[in-house]
Amino acid sequence: MAAPTKAMLLDWYRQMVLIREFEETCHRLYEEKRITGVYLHLYSGHEASGVGSMAALRKSDHVITAYRDHGIALILGMDPKAVMAEMMGKKTGSSGGKGGSMHLASKDHNFWGGYAIVGGHLPLAAGIALEARYHGKDDVTMTYVGDGATNNGYFHESLNMSAIWDLPVVWIIENNGYAMGTEVDRASGQVELHRKAEAYGIKSFGRVDAQNALEVYAVASKAVDYARANGPAVIEHVTYRYRGHGVSDKQYDAREDMSAELKEWMATREPIVILRDCIESQYNDVADTLAGHEADAKRIVAEAVTFAEASELPSGYEDLMRNTYVSSERVHKTAHTIGAGID
Amino acid sequence: MAARNVAMREAIRRALREEMHRDENVFVMGEEVAYWQGTHRVTRGFLEEFGERRVRDTPISEMAIGGVAVGAAMAGLRPVAEFMTINFAFLALDAIANHAAKVRYFFDGMFTVPLVYRAASGWGNQATASHSHAPEPIFAHFPGLYVGCPSNSLDAYGMLKASIRDDNPVLFTESIALYPKPSPMPDDLDEDYLIPIGKGDIKREGGDVTLVAYARGVDWALQAARALARDGVEAEVVDLRWLRPLDMALVYESFKKTNRCVIVEESLPMYSFGSEIAALLQENMFDYMDAPIKRVAAEDAPLPYSKDIELLALPDAQKVVNAVKEIL
């Protein structure tokens, strides 16, 4: 693996400040009831985990994640306008307003989606990787999985399947310390989550400080190369969530230990600051570029909000039923209306 | 047209084998589908013919079987994933109901999920409670999924082919009791013989009462119809074949003629196939209704091991005859 170039580092900074601006804006819009619903899981604090690891991928590789998916979508280059419109359930949203915050995806970016059932996307990842193996391609499927999901059956079955079939999956466990409100050591007999790989004969690349994008990138590059040539790999990213599990999370208000812990992470392990320090320690001509990225992030997100708020909502029976099935005239002819929903 | 009797398992095997030859992206996966030659012998010889790449034994991991098929289908393959019995598919209900059925919808059409789940269904001989379900209606509950349940060999052939070629996810159930049952298939059957998804079939014509059924229920309905004919009662047997989409147009047409209906199914009576058909008939055909709609289903109990009470719990042709006589 080559050390990241100056251009790469600056681009990572651009991605990270864009994510942070996007997520904090979502948080504010939710409080103002301009984004509604009950689910909104923000990537603030996690930025280096996604940015550093996805930098190790090439364009033909695949990415899939759970419901904390906004950051992943933005890193892959999805249009922030379409992502914000999806937050607001608009027709112009990336999923036409049908999916919401937890169901972003983009076929054009090989982004197979955010999924809302904990662990539900893990066998899908194995299936996507199986297609690559089946057709003799060496594309990797990078799969993000939370610490909580490592305790459910999908994790066990999917990792085991990836091992026996030598599937090119990089399983990245994003360990942010909590499954909703349950600490890792109250939920998992094995608290070094990457060691679960051993149970399946999968190579573990260990535990990484995922507040540091450079460390994330270094390990992810090795794991991606390994997966491409051999089969599944596991990495554990140790990170932290700044906005709790999701918008329903009131723990940080109720528990002093947790709010102190959050402050400590933000003060000492802030991923954007860590990256910025690293860039500034190597290059002395970057101030304008960094400031430019910060200003761009604000502008891009503001434009996304304007676009989303001006967009139409889906409405009527046709929008409700569309894409329940692939259109199929022969079915439509005979279907009882309850079974129809065919465009 | 010359025809010969073929067991349903042979018809299913033939359909699957031909589809694998037709399309290189079609592959099978499941427990014991390869080296064991298939628990129900449907995939007998497949490993030798197609190799391990396309005939994939899985661990006992139903959640993964359900979900891997979804991912592989989204990525462009056409998986035919087998649940050894439908009882084990309960373990995969999230993959089936939340993912296979909904991925297309919640990404507003970005992905297609052209997969088939095959599952052996129904009660066996003293298979006991946890292995004795015919729970097709549970799966038919979910929009986004199709559910096909053939009642004879030719239907199984044409329905499975249609399911594999369709771009939507299909749960295809195969009655264990029907696997060995021979029924006629034409000698010169076209490899493109497809039974459209959602198209039911009149298996016997009659003007006095409509018997609505699917899969094994069709057998009981036909036996009952023959018995009733001896008493001068002509029953029409409607085989819906697909639980979703439901070919209610065919049922209504028959009901307009007979004005009476008995619904026959192998599964449990509450929140059932029978409940659904009866509800739709009373909503849409009230003016044609001359008698209460009757339902014949399994008794509302888990299936026991001991033979006499096991048989007591299950529907049969006599129960159908009795139900018809109550409303004539």
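Values reported hereafter were calculated over all heavy atoms of this structure, with side chains retained and with hydrogens, waters and symmetry mates removed. Sequence lines set the chain letters: A, B, ... in the order given, protein chains first and strands last, and positions in each chain run from 1.
Heavy-atom pairs under 4.5 Å with chain A peak, among B:L145, B:N98, B:T112, B:L91, at B:L145. Chain B forms the most heavy-atom pairs under 4.5 Å with one residue out of A:M102, A:H121, A:H135, and that residue is A:H135. Chain B forms the most heavy-atom pairs under 4.5 Å with one residue out of A:G153, A:G114, A:A105, A:G113, and that residue is A:A105. Contact count against chain B (heavy-atom pairs under 4.5 Å) is highest for A:S95 among A:A126, A:S95, A:A132.
Using a 4.5 Å cut-off between heavy atoms, B:V113 makes no contact with chain A at all. Residue A:T141: no heavy atom, backbone or side chain, is found under 4.5 Å from chain B. Residue A:I128 touches chain B through both its backbone and its side chain, counting heavy-atom pairs closer than 4.5 Å. Looking at A:L320, the atoms closer than 4.5 Å to chain B (heavy atoms on both sides) sit in the backbone and in the side chain alike.
Counting only residues at least two apart or on different chains, the salt bridge (Lys or Arg N to Asp or Glu O under 4.0 Å) pairs with a member in residues 53-65 of chain B are B:E24-B:R53. Screening residues 77-93 of chain A for salt bridge (Lys or Arg N to Asp or Glu O under 4.0 Å) gives A:K91-A:D319 as the qualifying pairs, with residues at least two apart or on separate chains.
In this structure, B:N168 contributes its side chain and A:V326 its backbone to a donor-acceptor pair below 3.5 Å. Side chain of A:E131 to main chain of B:L77: no donor-acceptor pair is present (N/O by atom type, distance under 3.5 Å, no hydrogens or angles). Under the 3.5 Å distance criterion, the side-chain polar atoms of B:Y105 are left unmatched by any main-chain donor or acceptor of A:T324.
Considering CE of B:M110 and NZ of A:K107, their distance stands at 9.0 Å, rounded to 0.5 Å.
A distance of 6.0 Å or more separates the ring centres of A:F111 and B:F107.
Judged purely by distance below 3.5 Å, without hydrogens or angles, the side chains of B:D167 and A:Y325 never pair a donor atom with an acceptor atom.
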Stepwise side-chain contact (heavy atoms from CB on, under 4.5 Å) test for B:F106 and A:N323: CA-CA 9 Å; B:F106 58 53; A:N323 285 317; over 6 Å; no

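Using the six-membered ring where Trp is involved, B:H99 and A:Y154 have ring planes that are perpendicular, over 60° apart on the 30 and 60° scheme.
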